Amino acid sequence: MISEQLLYSLAGIGLFAIGLRATLLHHMLLPRLLALNVCGAGVFLIFIAIAYAGVENMADPVPQALVLTGIVVAVSATAMALALGRRLEALKDE
Amino acid sequence: MIEILWFIFDIMLVLLLLALAWTTCSTQDVMRAVTLFIAMGLLLAVIWARLKAPDLALAEAVIGAGISGALLLSAIKDYPSNLMVSHRSPVMRGMINIFTIALTILMSWAVWHGIEMSDGKRLSEQVASQLSISGVSNPVTAVLLNFRAYDTLLELAVVLTAVLTVLILNEKRADHKVISPLLQGMTRWLVPLLVITSGYLLWVGAHAPGGAFQAGAMLAAAMILLQLAYPSIHQGFNLYLLRLLLVIGILIFVLVGLWMMLLNDDFLAYSPAWAGSLILIIETAATLSIATALTLAYLGGRPTGWENGLKKSASHKDSHTDNGRVK
């Protein structure tokens with residue numbers, strides 16, 4: 001059980017690091033948003049890896065509920081950032 | 001033997017996930033990056049299922065991969081350039097790399113420490129012991145809509161705020177000109193199926209994986225499909241109804257909370273006998289709000305004629321005050 005928790009937590013950290021690096025490297029909005037979403041997915045993976053309690057047992061429901069909330073908030077934030085970006089582009093054209 | 005097979009499966013999933021994340025972030029074409037991101041979302045859904053979190057697997061497949069993907073794909077043409085190239089100087093790149101690697105090592109140490117040191121006592125025991133009075137038997141739904149209902153209420157507020165920002169900032173994107181008869185034919189079959197699946201997910205959320213968020217996103221997916229196949233369909237929207245649907249989730253949630261405050265002295269403290277029905281009522285309203293919010297977010301701004309209703313009432317108000325002044 002601990003080996004799966006560790007493996008997937010480390011994968012989550014890997015995802016977070018890849019996303020963070022790309023967020024810092026890029027200038028444009030869309031690539032940055034993608035990278036931030038990858039970052040967020042990494043955090044979710046760490047949560048769920050720690051909630052895992054073996055194949056036979058049920059995983060801890062509290063982190064699951066938190067991550068479910070997180071997924072919905074992430075998509076809302078993405079939609080909002082895209083709207084802001086679109087407005088910025090429209091202002092540039094004027 | 002079985003353990004070794006599980007381990008190989010785990011390793012393959014993790015390597016594939018990291019590879020997809022890396023290519024998403026390092027490819028030079030935005031279109032390609034978004035496509036890879038959607039693929040990564042679907043792989044994550046498989047991983048959630050592997051880690052025994054089926055509620056999340058459903059949510060990730062519909063929201064994380066589906067709706068996010070649709071939002072991002074439709075946003076690509078808002079920007080002039082499709083290339084994603086970094087213009088940081090070599091020194092800056094080196095510093096970013098060193099910073100990221102150092103942070104990764106620190107975080108790995110912290111997580112290793114956390115898992116090794118944990119005494120195994122979790123909130124899950126508390127959830128399990130109180131599950132029988134929560135009104136539902138799916139523990140994730142119990143946490144979302146009973147034990148931590150505040151979180152979910154505020155989450156709906158976050159979704160509403162985000163969509164209001166989208167509506168304030170922009171008009172909706174121009175309609176597609178190309179209409180595919182093939183897509184229209186498929187949509188006629190798919191949309192009823194999506195609506196039924198959405199209703200099923202809403203209902204089944206009480207005792208099995210599913211719930212308001214998955215159901216709402218599924219409904220939004222049906223609306224997005226309709227919008228793609230029949231681009232002028234948004235002209236038929238009743239905009240007053242749309243406004244009501246947008247806020248009904250929070251409205252019902254707060255009303256139930258206040259009603260329970262009168263009965264049980266605490267905001268959102270359900271009476272155990274009614275908890276199941278109350279949760280279903282809140283979830284139904286939340287499903288409608290989430291579906292409306294995500295559909296509007298996909299449209300990218302106000303549908304045509306959104307302000308008309310407001311303008312009419314505003315001018316009415318102005319004439320009213322003018323009359324008052326004259327008198």
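Order of the sequence lines sets the chain letters (A, B, ...), proteins ahead of strands, with each chain counted from 1. Computed over heavy atoms, backbone and side chain alike; hydrogens, waters and symmetry mates excluded. Remember, predicted model here, so these are calculated numbers, not experimental data.
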Against chain B, label [X] side chain, backbone, both or neither, depending on which of its atoms sit under 4.5 Å from a heavy atom there.
X        : value
Phe44(A) : both
Ala51(A) : backbone
Leu84(A) : both
His27(A) : side chain
Leu34(A) : both

May I ask you to name which of [options] has the most heavy-atom pairs under 4.5 Å with chain B?
options                                : value
Thr78(A), Leu88(A), Val67(A)           : Val67(A)
Thr23(A), Leu10(A), Leu33(A), Ile48(A) : Ile48(A)
Gly14(A), Gly12(A), Pro31(A)           : Pro31(A)
Ile46(A), Leu20(A), Val55(A)           : Val55(A)
Val73(A), Leu24(A), Leu7(A)            : Leu24(A)

Quick one: which of [options] has the most heavy-atom pairs under 4.5 Å with chain A, could you say?
options                                  : value
Phe99(B), Phe213(B), Tyr298(B), Tyr79(B) : Tyr79(B)
Leu56(B), Ile101(B), Val158(B)           : Leu56(B)
Thr100(B), Leu169(B), Ile63(B)           : Leu169(B)
Met40(B), Arg50(B), Met92(B)             : Arg50(B)
Asp55(B), Thr104(B), Leu51(B)            : Leu51(B)

If we count only N and O atoms by modelled type, under 3.5 Å, do the side chains of Asn37(A) and Ser68(B) hold a donor and an acceptor together? no
Considering only heavy atoms, which portion of [X] lies under 4.5 Å from any heavy atom of chain A: side chain, backbone, both, or neither?
X         : value
Glu171(B) : backbone
Leu18(B)  : both
Leu164(B) : neither
Val127(B) : side chain

Do Met58(A) and Pro139(B) have side chains that get closer than 4.5 Å, going by heavy atoms? yes
Non-hydrogen side-chain atoms of Cys25(B) and Val38(A) separated by less than 4.5 Å: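 Side chain of Cys25(B) against side chain of Val38(A), heavy atoms only: contact under 4.5 Å found.
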Using a 3.5 Å distance criterion without hydrogens, assess whether the side chain of Arg302(B) forms a donor-acceptor pair with backbone atoms of Ile168(B).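 Present.
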Residues Lys92(A) and Glu89(A) bridged, charged N to O under 4.0 Å: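 Salt bridge flag = yes for Glu89(A) with Lys92(A).
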For chain A, which residues from residues 144-154 of chain B lie under 4.5 Å away (heavy-atom distances)?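 At a heavy-atom separation under 4.5 Å, chain A is reached by Leu144(B), Arg148(B), Asp151(B).
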